[in-house]
Enquirer: 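One structure follows; several queries about it will come next.
Basis for what follows: all heavy atoms, side chains included, without hydrogens, waters or symmetry-related copies. Residue numbers begin at 1 in each chain, while the letters A, B, ... track the order of the sequences.
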Amino acid sequence: MKIGYPCINNSLNCTSNRTFRLNNYSRNNLIEKVKLNLNCLKKILEFNVKNGILFFRIGSGLIPFASHGICSFNWLQYFNKEFKTIGNYIKKNDIRISMHPDQFVVLNSKNEKTVEKSIKEIDYHCRLLNVMNLKQEAKVQIHVGGVYGEKEKSIKRFIENYGKLDLNIKKRLVLENDHNSYSLEDCLIINKEIDIPVLFDVFHHQCFNNKERVFEAIRKAEKTWNKKDGKLMIDYSSQKKNKRKGVHTETIDVVSFKKFLEQINGVNCDIMLEIKDKEKSALKAVKLIENVK
DNA sequence: TCACGTCAAGCAGAT
DNA sequence: ATCTGCTTGACGTGA
């Protein structure tokens, strides 16, 4: 079991999400920012390895405007050596990688332009993982998308649009249950049709479910992962106290997390901690697991 | 150096 | 009608 955190490390003096305004787009600006981002990504991964954190979500902003029409620059080729170096480091240390395109990616949108842009954005994520030569177990997670007041039709549109995707994308994509539109059960229905692995988000499940208990839900999600896809990925968070439903907690509640681990006892998975204080919570979780062993 | 308005993009639910 | 939250703030102007 690996523990991870998403995108940002607050202990290091760098970010792998440097960007610029679209107005300021230029080849040089892009090169400058990507160089900084890749350097920082390497540092984050080294920090993680040193601390036993072997799961990491790479931020979507690593290559600013990568899927935007303005970006004609061949960053894949230009930074090929750097990508290979990072990819080798990831493989050497057996780090699990995920990516999560942002909320603007809606594969089942009713707007064709949105679908088109979404596919380009997903494609960017996949090309990034490919150029690092990462195995199929490195995943790109998305949600089903909008409901538009007619869920069945919207699910059908997801399945249809998925069918059009390139095999290189299908190999990477996994589907995550969300907190108010598509539950685990909905994702499983889609899985039956197109065999896409289902990433289980515990917190979303607490917000929105079909009454399955967590263990039962996780067992169901686990079955959707084939050997090549690697272990089941789980996103873990909990509710921020006294905030409205869906707001993530600032730091990990170790007692709850321990209970959760006991609940899922026996399930072989990797857990992403979607918690505001990032690596700090991940460090606590890693220590907890070491002590349990 | 710091405050703060703004930045490519979507959707649902709360206020 | 507008704001907030979502996997993640960072940029850039002006004081």
Enquirer: Should dT8(C) form a Watson-Crick or G-U wobble pair with both distances under 3.5 Å, which nucleotide is its partner?
Expert: none
Enquirer: Of the nucleotides dA12(B), dG10(B), dC11(C), which has the atom closest to the Q103(A) side chain?
Expert: dG10(B)
Enquirer: Counting side-chain heavy atoms from CB outward, which of dT7(C), dC11(B), dC6(C) is closest to S109(A)?
Expert: dC11(B)
Enquirer: Counting side-chain heavy atoms from C-beta on, which of dA9(B), dT7(C), dA12(B) comes nearest to E121(A)?
Expert: dA9(B)
Enquirer: Regarding V147(A), tell me which of base, sugar-phosphate or nothing describes its non-hydrogen contacts under 4.0 Å with the strands shown.
Expert: sugar-phosphate
Enquirer: dT7(C) phosphate, OP1 or OP2: any side-chain N/O from S60(A) under 4.0 angstrom?
Expert: no
Enquirer: Counting the atoms with a prime plus P, OP1 and OP2 as sugar-phosphate, which does Y148(A) contact under 4.0 Å by heavy atoms, base, sugar-phosphate, or nothing?
Expert: sugar-phosphate
Enquirer: Going by modelled atom types, is there a donor-acceptor pair between the base of dA10(C) and the side chain of R21(A) at under 3.5 Å?
Expert: yes
Enquirer: Is S98(A) touching bases, backbone alone, or none of the nucleic acid, heavy atoms closer than 4.0 Å?
Expert: nothing
Enquirer: Taking only N and O in the side chain of K113(A), is any of them less than 4.0 Å away from OP1 or OP2 of dA8(B)?
Expert: no
Enquirer: Pick base, sugar-phosphate or nothing for G59(A), based on heavy-atom distances below 4.0 Å to the nucleic acid.
Expert: nothing
Enquirer: Of all the choices, dT6(B), dT7(C), dC6(C), which nucleotide is nearest to the side chain of E274(A) once you look at every atom?
Expert: dT7(C)
Enquirer: Is K153(A) close enough and on-axis enough to Y148(A), meaning under 6.0 Å and within 45°, for cation-pi?
Expert: no
Enquirer: Of I8(A) and R18(A), whose nearest nucleotide on DNA chain C comes first from the 5' end?
Expert: I8(A)
Enquirer: If the threshold is 4.0 Å, N to carboxylate O, is there a salt bridge linking D235(A) and R57(A)?
Expert: yes
Enquirer: From C-beta outward on T15(A), which listed nucleotide comes closest to its side chain: dA12(B), dA10(C), dC11(B)?
Expert: dA10(C)
Enquirer: Look at all strands and tell whether D178(A) reaches a base, only sugar-phosphate, or nothing, counting heavy atoms closer than 4.0 Å.
Expert: nothing
Enquirer: Quick one: is dG10(B) close enough that its OP1 or OP2 comes under 4.0 Å of any side-chain N or O from N111(A)?
Expert: no
Enquirer: Could you tell me how far dT13(C) sits from dA8(B) if I compare only their P atoms? Round to whole Å.
Expert: 13 Å
Enquirer: Starting at the 5' end of DNA chain C, which residue's closest nucleotide do you reach first, N29(A) or P6(A)?
Expert: P6(A)
Enquirer: If we take the C1' atom in both dA3(B) and dC6(C), what is their distance in whole Å?
Expert: 26 Å
Enquirer: Across all strands, who's sitting opposite dA9(B) as a Watson-Crick or G-U wobble pair, both distances under 3.5 Å?
Expert: none
Enquirer: When the P atoms of dT6(B) and dC3(C) are considered, how many whole Å apart are they?
Expert: 12 Å
Enquirer: If the threshold is 4.0 Å, N to carboxylate O, is there a salt bridge linking E32(A) and K35(A)?
Expert: no
Enquirer: With the threshold set at 4.0 Å, does a side-chain nitrogen-carboxylate oxygen contact exist between K42(A) and E46(A)?
Expert: yes
Enquirer: Cut-off 3.5 Å, side chains only: do K33(A) and N29(A) have a donor facing an acceptor?
Expert: yes
Enquirer: It should be established whether H143(A) places a side-chain nitrogen or oxygen under 4.0 Å from OP1 or OP2 of nucleotide dT7(C).
Expert: yes
Enquirer: Would you say K110(A) reaches dG10(B)'s phosphate, i.e. side-chain N/O to OP1/OP2 under 4.0 Å?
Expert: no
Enquirer: Taking only the C1' atom of each, what is the distance from dG9(C) to dT4(C) in whole angstrom?
Expert: 16 Å
Enquirer: Give the rounded distance in Å between these two atoms: CD1 of I142(A) and P of dT8(C).
Expert: 18 Å
